[in-house]
There are 2 protein chains.
Amino acid sequence: MRHTYHDVEFCATRVALGLLAGKWKPIILFHLFGGPRRFTELWRGIPRVSKKVLLEQLRQLETAGLVERTVHNGFPPEVTYQLSAKGTELGPILRRLDQWAMTHIEGVVQIS
Amino acid sequence: MRHTYHDVEFCATRVALGLLAGKWKPIILFHLFGGPRRFTELWRGIPRVSKKVLLEQLRQLETAGLVERTVHNGFPPEVTYQLSAKGTELGPILRRLDQWAMTHIEGVVQIS
DNA sequence: TGAACGGGTTACCAGCCGGTAACCTTCTTG
DNA sequence: CAAGAAGGTTACCGGCTGGTAACCCGTTCA
């Protein structure tokens, strides 16, 4: 079963945008561009997101391969989230998108 | 009422991704990167999208200011959609995202 | 001893988004 | 004269996403 470039499921950009789709994901990523962060650290750093939703978005970023989760055993067993190589390479692209938005959209603000 | 860079509503990247969010929008944009297209031309060029949904996505791109709709009166009164300056400037960014996806995601295909 | 913290989990719900199918108007073509 | 094309519109519907609120377990601190 050959697919053509028309098939929406195989459109690279669409799939990429799909990985980034999620209300809190860009913000999470911008936090992680600053280095590894603990769960609670992210939670405190991003007001108005619930633990449940934050966790969902992190897990989705993780299964997308953009973020890695590490459990450091010891007590308290801290959990950190950090960008993978794949995720890090998105940095420059998101920054350009950020620039684009700031020059073209009213009322928008730089986050990082 | 000051807002901080934390406020998700003002995160530039998130707003930009919001404009691009929509199942068919990247495909529509890639078609329009090739020049102005008539409604039916787009509809035929993008299999499996209904007129209603295609029109919705086009209208959203239009109110986002990425796409311009022109009615050429005459008969039949053809309607064309083309990128605005703002939309055109997204081109290079989407292409980079496309590149990123093609090197990092399995089974994905270049559309333009 | 009990309160708080870290990192979650569970139950439940509302709204939006995309999808199907039918219909419409004006004009042209066989 | 009927059918089709162009560019839509309308009614209706199911599933996913994000949201709230409460709960949980193990550990450390006052």
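Numbers restart at 1 for each chain; the letters A, B, ... are given by sequence-line order, proteins then strands.
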Rounded to the nearest angstrom, tell me the gap between atom CG in A:Leu61 and atom P in D:dT17. 13 Å
Using whole Å, report how far CG of A:Leu54 lies from P of D:dT20. 13 Å
Given C:dG7, D:dG7, D:dT20, the nucleotide with the shortest approach to the side chain of A:Phe39: C:dG7
Rounded distance in Å - CH2 (B:Trp43) to C1' (D:dG7): 10 Å
Looking at every strand, decide which applies to B:Lys23 at a 4.0 Å heavy-atom threshold: base, sugar-phosphate, or nothing. sugar-phosphate
NA contact type, A:Glu41, heavy-atom cut-off 4.0 Å: base, sugar-phosphate, or nothing? nothing
Whole-Å distance between D:dG18 P and A:Gln60 CD? 6 Å
Rounded to the nearest Å, what distance is computed from the CD atom of residue B:Glu62 to the C1' atom of nucleotide D:dG8? 14 Å
Can you tell me the distance, in whole Å, between the CD1 atom of A:Ile27 and the P atom of D:dG18? 13 Å
Can you find a donor-acceptor pair, distance only, under 3.5 Å between B:Lys52 side chain and D:dG8 base? no
Would B:Arg95 count as a cation-pi partner of B:Phe33, with NZ or CZ less than 6.0 Å from the six-membered ring centre and within 45° of the ring normal? yes
A:Trp100 and A:His104 aromatic ring geometry - parallel, tilted or perpendicular at 30°/60° bounds: tilted
Rounding to an integer number of Å, can you tell me how far A:Gln57 CD sits from D:dT17 C1'? 9 Å
Looking only at atom types and distance, does a side-chain atom of B:Thr80 sit under 3.5 Å from a main-chain N or O of B:Pro36, one as donor and one as acceptor? no
Would you say A:Arg59 reaches C:dT9's phosphate, i.e. side-chain N/O to OP1/OP2 under 4.0 Å? yes
Side-chain contact check for B:Arg69: nearest option of C:dT9, D:dG8, C:dG7 is D:dG8
Over how many whole Å does the gap from A:Glu78 atom CD to C:dG8 atom C1' extend? 16 Å
At under 4.0 Å, does any side-chain N or O of A:Tyr81 touch on OP1 or OP2 of C:dG8? yes
Classify the nucleic acid contact of B:Ser50 as base, sugar-phosphate or nothing, counting any heavy atom under 4.0 Å across all strands shown. base
So, is B:Arg44 close to the D:dA6 phosphate, meaning a side-chain N or O under 4.0 Å from OP1 or OP2? yes
What's the closest nucleotide to the A:Val79 side chain, out of C:dG19, D:dG7, C:dG8? C:dG8
According to a strict under-4.0 Å criterion, is A:Arg38 in side-chain N/O contact with OP1 or OP2 of C:dG6? no
Verdict with reasoning, A:Arg14 to B:Lys25, per side-chain contact (heavy atoms from CB on, under 4.5 Å): CA-CA 8 Å; A:Arg14 182 173 124 71; B:Lys25 283 180 197 161; over 6 Å; no
Tell me which of A:Lys51 and B:Thr80 sits closer to the 5' end of DNA chain D, going by the nucleotide each one is nearest to. B:Thr80
Are the side chain of A:Thr13 and the backbone N or O of B:Pro26 linked by a donor-acceptor pair below 3.5 Å? no
